[in-house]
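All remarks here apply to the structure that follows.
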Amino acid sequence: MERYKLIKEVGDGTFGSVWRAINKQSGEVVAIKKMKKKYYSWEECVNLREVKSLRKMNHPNIVKLKEVIRENDILYFVFEYMECNLYQLIKDREKLFAEADVRNWCFQVFQGLAYIHQRGYFHRDLKPENLLVSKSIIKIADFGLAREVNSQPPYTEYVSTRWYRAPEVLLQSYLYSSKVDMWAMGAIMAELFTLRPLFPGTSEADEIYKICSVIGSPTTDTWADGLNLARTINYQFPQFAGVHLPALIPSASEDAINLIKSLCSWDPCMRPSAAEALQHPFFQSCFYVPPSLRPRAAVTRTPTSAGTKGGLEQQCARSLPGALSNSKLTNNFPSPKLHASLSTGVQRKLDMVNQDSRKPDKSMKSSTKPRYQPPGKKSPTLMSKGRVARGVSDTTDKFAGMAIASRRQSLGQPKPPTMKAGVQWTGESGGMFLRPTQQFAHGRNYPRKVVG
Ligand SMILES: Nc1ncnc2c1ncn2[C@@H]1O[C@H](COP(=O)(O)OP(=O)(O)OP(=O)(O)O)[C@@H](O)[C@H]1O
């Protein structure tokens, strides 16, 4: 660590504090995450998910892990440095972002996600705080909860920040998929348009309540597996028709609304994959450049004129060699009809640099070919009956309280539902959610530690 000079603390997360630092030899600015827990052996460190998953990732939209250092039983991750996170941009923002900015950020994040998912991982804790921005480049960070797609379920431990948590995780399905990241992206995309969280639940119960109130309660058409799952754990969804999303997100175009709707589908199978999302008409003016074809400096297609409406379009028109215009792909995305049908329900050191950089990026190249497959009807992600039985006892207790709380709320008597220890209750928004966008408290007023 003597090679680095710590300058300033820039973040304090659950697992570590993050510092801006300078490599004394090279002068390079880096971010150093100092883990809170002590690590008494190197083996312990290399088995960490963050190490195991991140060391395999090499993509312009994934924050680069440069090295891992263990010194005096303290573990440090050295990352490339990013200027700020997306939440900081949202909370400091006085006026809405231009749609071109939202499109640009989301296009990049979906590229990173497509890479992660195709490499066999999913992130599981996507939230604005974990999307790091430097100029017009955005990168996915914090792989502390990343999980291999092929790893064996059940996935029982804590997963994802509540406001961005997919319904199948809230309902304690032990079998979920990369589609949890797509749900989170739907919520993040909406937040980028309104500067307010779309589903700011104050507890797990309130989270489901808020989801129902926005996208409408699930039906056999929109999430038959979810209804079965809820029945098994004796949970009753509060009954809502949902709101008209364009009224809730007035600054979003029809394409943006369609994409948000499909990302925030109850049924994980109805959510597009990241590769599919990149083919959505919302991104028709964007170009995908495979990482292997990108000049070193131009890591993604991004506008230099961020913030100016139309800036991205102009930039995109001047495509890089090998760029692919999505304009040819628009017909491959599910018809507006399908979206409409959804809307009703609505130490030493481990050098990580260049780990995979010389390998051709096959997975992403294949994604340049537009092959939109409409999401399947049947969800493979929910648990089998056998698995449900395994989860019944504790989930039943938990959700019994949840159903009661939800009924109370729907009767107009807001009361904080049963909470897990450690969850912060602010009383804010206390279950009353059906308010138009303009009446929401500003995003910065919400407590952000929502990991319960
Ligand atoms: N590479 C980086 N460059 C600049 N800032 C960073 C970097 N990595 C993290 N940060 C800042 O530190 C904050 C916390 O980082 P991170 O999410 O990795 O920690 P954590 O302990 O896993 O947090 P969480 O509570 O989200 O689990 C981020 O929100 C971001 O603001």
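One-based numbering, in listed order, for ligands and for the atoms of each.
Of all atoms in ligand 1, listed by their number and element, those nearer than 4.0 Å to a heavy atom of N85 are 29 (O), 30 (C), 31 (O). Atoms of ligand 1 lying under 4.0 Å from any heavy atom of F79, numbered from 1 in the order shown and given with element: 1 (N). Residue contact check: V63 has heavy atoms under 4.0 Å from atoms 1 (N) of ligand 1. Atom numbering of ligand 1 starts at 1 in the shown order; those under 4.0 Å from a heavy atom of G11 are 12 (O), 13 (C). Close approach of ligand 1 to L132 is summarised as follows: ligand atoms under 4.0 Å from at least one heavy atom of the residue are 1 (N), 2 (C), 3 (N), 6 (C), 7 (C), 8 (N), 30 (C). Atom numbering of ligand 1 starts at 1 in the shown order; those under 4.0 Å from a heavy atom of Y81 are 3 (N), 4 (C).
If you look at A31 next to ligand 1, the close heavy atoms, those under 4.0 Å, all belong to the side chain. No part of D12 comes within 4.0 Å of ligand 1, judged by heavy-atom distances.
D255 and H280 share no donor-acceptor pair across their side chains, judged by distance under 3.5 Å alone.
Using bins of under 30°, 30° to 60° and over 60° for the plane-to-plane angle, the ring pair F283/F110 lands in the perpendicular bin. Between F77 and F79, the ring planes are tilted. Angles from 30° to 60° get that label. Between W266 and W183, the angle of the ring planes lies from 30° to 60°, which puts this pair in the tilted group. Using bins of under 30°, 30° to 60° and over 60° for the plane-to-plane angle, the ring pair H59/Y115 lands in the tilted bin.
Residues L195 and K91 are not in side-chain contact: their nearest non-hydrogen atoms beyond the backbone lie 4.5 Å or more apart. Taking 4.5 Å as the limit, some side-chain heavy atom of L245 sits within range of a side-chain heavy atom of I260. Residues L65 and E80 fail the side-chain proximity criterion, which asks for heavy atoms closer than 4.5 Å.
The shortest heavy-atom distance from K127 to ligand 1 is under 4.0 Å. Within the 4.0 Å heavy-atom shell around ligand 1 one finds G16.
Shown are V133, I188, N61, L131; of these, the side chain to side chain contact (heavy atoms under 4.5 Å, CB included) with W105 is made only by V133.
Inclusion of N130 in the set of residues having an N or O under 3.5 Å from an N or O of ligand 1 is warranted. The shortest N or O to N or O distance between E129 and ligand 1 is under 3.5 Å. Looking at ligand 1, you'll find an N or O of M82 within less than 3.5 Å of one of its N or O atoms.
If you check each of E80, K33, E9 against atom 1 (N) of ligand 1, the one with the closest non-hydrogen atom is E80.
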